[in-house]
Amino acid sequence: GIKELFDSDKYVNWLNTMSKFHEYSLNNTILIAMQKPDATMVAGYTQWQKDFERNVNKGEKAIRILAWNPHKEKVERDKLDPETHEPVKDENGNNVKEVTEVQRPSYKVVNVFDVSQTDGKELPRLAAELKGDVKNFKDLFEALKRTCPIPIAFENIQSGAKGYFHQKDQRIAIQEGMSEIQTIKTTIHEMAHQKLHSVEQEQAQSYQNKKLEEKAQSRSEKEVEAESVAYTVCQHFGIDTSDYSFGYVAGWSQGKEMAELKASLLTLRRAPASMIDDIESHIQEINHERI
């Protein structure tokens, strides 16, 4: 399903749009995260208008980052012989001077805004919003809450995200008001992040793989893993999330070979099996409580 999506016009249109977003340096990424942790797609005020036909909403607070802004300056320096590269001497043996223009490195502060701070033409999406109900939704959601070692709660997430796993506070937030199927899928996705990508889990994994000198996972790898786990667990319980999951994985995967997915195959076998066992155990527990 994902490979079919890669070959579609929908994917090409999405790629063309995403290519207009600037790739920020690590330092600017940190600055963005410090000021707006839920930011997903960031661009300048005029770029939103020019490239995306969207306008920044009135009263929005800008995200301040650094932009490369070199300036030219005239300086006097020794004139060098173009062949020997040695200083040129005058008749008195003194170095001949010349005025030349050099570029000095410098930066300036610029304002950017997240897509959640804008309004206008809809950006292309790969993942279609899931609609529909889930059989025994309340029992399944209660089983998920009992399975997860940290609190799960609904809230109005202003960024437009459907959910998030808060590392520092050790909690999971789910956007309120979504369909039952989207709610279950999103909850399992965030539970997968907690299970696989919490600081404690990554530190333990880093220690185990120290001799292998494995690099830290990228965000794309983490998102591919979490959504793949969610898809697998939902399939087990008779919930088809392919309309959303295939697009989500394609969007985060870096290419048609899906390196992130292939690199995570062992994780994608173990994690869903463990979660399914725990969820089924709690479903049985809930059923017994009614007897």
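- Side-chain contact annotation: Q47 with H22, donor-acceptor N/O pair under 3.5 Å absent.
- Residues V134 and F237 fail the side-chain proximity criterion, which asks for heavy atoms closer than 4.5 Å.
- Here the side chains of S274 and K195 are in contact, with some heavy-atom distance below 4.5 Å.
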Given side chain to side chain contact (heavy atoms under 4.5 Å, CB included), test K162 with H189 step by step and report yes or no. CA-CA 10 Å; K162 291 177 171 50; H189 177 103; over 6 Å; no

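- Note on L196 and V224: same hydrophobic cluster, where clusters join Ile, Leu, Val, Met, Phe, Trp and Tyr whose side-chain heavy atoms are under 4.5 Å apart, directly or indirectly.
- A donor-acceptor pair under 3.5 Å links the side-chain atoms of W48 to the main chain of F113, judged by distance alone.
- Scanning both residues, A230 and I188, for their nearest heavy atoms gives CA-CG2, 3.7 Å.
- Residues F165 and Q170 meet the side-chain proximity criterion, which asks for heavy atoms closer than 4.5 Å.
- At least one donor-acceptor pair closer than 3.5 Å links the side chain of H282 to the backbone N or O of D278.
- Nearest heavy-atom pair across G247 and L5 is CA-CD2, 3.4 Å.
- Here the straight-line distance linking atom CD1 of I65 with atom CD of Q35 works out to 9.0 Å at 0.5 Å rounding.
- Looking at T183 and F154, their side chains come closer than 4.5 Å, going by heavy atoms from C-beta outward.
- E155 and Y164 share a donor-acceptor pair across their side chains, judged by distance under 3.5 Å alone.
- Under 3.5 Å, the side chains of D240 and S242 contain a donor-acceptor pair of N or O atoms.
- Using cut-offs of 30° and 60° on the angle between ring planes, the pair W252 and Y248 is tilted.
- Counting all heavy atoms, side chain and backbone alike, A143 lies closest to I279 at CB-O, 3.9 Å.
- Note on L126 and V12: separate hydrophobic clusters, where clusters join Ile, Leu, Val, Met, Phe, Trp and Tyr whose side-chain heavy atoms are under 4.5 Å apart, directly or indirectly.
- Hydrophobic clustering (side-chain heavy atoms under 4.5 Å, transitive across Ile, Leu, Val, Met, Phe, Trp, Tyr) keeps V110 apart from F52.
- The backbone N or O of T40 sits less than 3.5 Å from a side-chain atom of D114, completing a donor-acceptor pair.
- Grouping the Ile, Leu, Val, Met, Phe, Trp and Tyr side chains by contacts below 4.5 angstrom, directly or via other members, places Y45 with V115.
- Across all non-hydrogen atoms, the minimal contact from R104 to V75 is NH2-CG1, 3.5 Å.
- Closest approach of L130 and S179 over heavy atoms only: O-OG, 2.7 Å.
- A 6.0 Å sphere centred on CD of E73 holds more than 12 heavy atoms belonging to other residues, nucleotides or ligands.
- Within 6.0 Å of atom CG in N16, more than 12 heavy atoms from other residues, nucleotides or ligands are found, so the atom counts as buried in its surroundings.
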Yes or no on side chain to side chain contact (heavy atoms under 4.5 Å, CB included) for F21 and L123, after CA distance, side-chain angles and deciding distance? CA-CA 12 Å; F21 286 99; L123 295 177; 4.3 Å; yes

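- A donor-acceptor pair is defined here as one N or O able to donate and one able to accept, closer than 3.5 Å; no such pair exists between the side chain of N111 and the backbone of R64.
- The CD atom of E60 sits 10.5 Å away from the CG atom of D119 when rounded to the nearest 0.5 Å.
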Going through the checks in order, is the side chain to side chain contact (heavy atoms under 4.5 Å, CB included) test met by L140 and I239? CA-CA 12 Å; L140 179 55; I239 304 170; 3.9 Å; yes

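- Of the possible donor and acceptor atoms, one in the side chain of Q167 sits under 3.5 Å from a partner among the backbone N and O of H197.
- Here the side chain of E227 pairs no donor or acceptor atom with the backbone of V249 at under 3.5 angstrom.
- Expressed to the nearest 0.5 Å, how far CE of M34 lies from CD1 of I63 amounts to 12.5 Å.
- Annotation: the span from E98 atom CD to R77 atom CZ amounts to 6.0 Å, rounded to 0.5 Å.
- The closest side-chain heavy-atom distance from K79 to N95 is not below 4.5 Å.
- Taken from OH in Y11 to CE in M18, the straight-line distance is 11.0 Å, to the nearest 0.5 Å.
- Donor-acceptor pairing under 3.5 Å is lacking for the side chains of K89 and N94.
- For the 3.5 Å distance criterion, the side chains of H193 and E223 qualify, holding a donor opposite an acceptor.
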Please assess Q175 against N156 for the test side chain to side chain contact (heavy atoms under 4.5 Å, CB included), listing each intermediate value before the final yes or no. CA-CA 6 Å; Q175 173 62 41; N156 183 19; 3.5 Å; yes

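- Between K185 and Q182, the closest side-chain pair of non-hydrogen atoms falls below 4.5 Å.
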Could you please spell out the steps behind the ring-ring contact (aromatic ring centres under 6.0 Å, His included) verdict for W14 and F6? CA-CA 10 Å; W14 179 84; F6 277 140; 9.4 Å; no

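- Residues in residues 54-80 take part in these ring-ring contact (aromatic ring centres under 6.0 Å, His included) pairs, two or more places apart or across chains: W68-Y107.
- Every residue meeting the side chain to side chain contact (heavy atoms under 4.5 Å, CB included) condition with D81, not counting sequence neighbours, appears here in chain and number order: E83, T84, V88.
- With salt bridges taken as basic N to acidic carboxylate O contacts below 4.0 Å, none links E142 and R290.
- For an aromatic pair to be called close, the ring centres must be under 6.0 Å apart, and F246 with Y231 satisfies this.
- When all heavy atoms of T17 and P124 are compared, the closest pair comes out as OG1-CG, 3.2 Å.
- Put simply, the side chain of Q117 gets close to the backbone of K61: a donor and an acceptor are under 3.5 Å apart.
- F141 is connected to I181 through a chain of hydrophobic side-chain contacts under 4.5 Å among Ile, Leu, Val, Met, Phe, Trp and Tyr, so both are in one cluster.
- The structure places OG1 of T147 at 8.0 Å from CD1 of I283, a figure rounded to the nearest 0.5 Å.
- The environment of NZ in K50 is sparse: at most 12 heavy-atom neighbours from other residues, nucleotides or ligands sit within 6.0 Å.
- When side chains are defined from C-beta on, Q158 does not count as touching S116, because their heavy atoms never get closer than 4.5 Å.
- Within 6.0 Å of the CD atom in E4, the count of heavy atoms belonging to other residues, nucleotides or ligands does not exceed 12.
- In this structure, the side chains of E86 and L80 stay at 4.5 Å or more apart for every pair of heavy atoms.
- A donor-acceptor pair is defined here as one N or O able to donate and one able to accept, closer than 3.5 Å; no such pair exists between the side chain of S220 and the backbone of S253.
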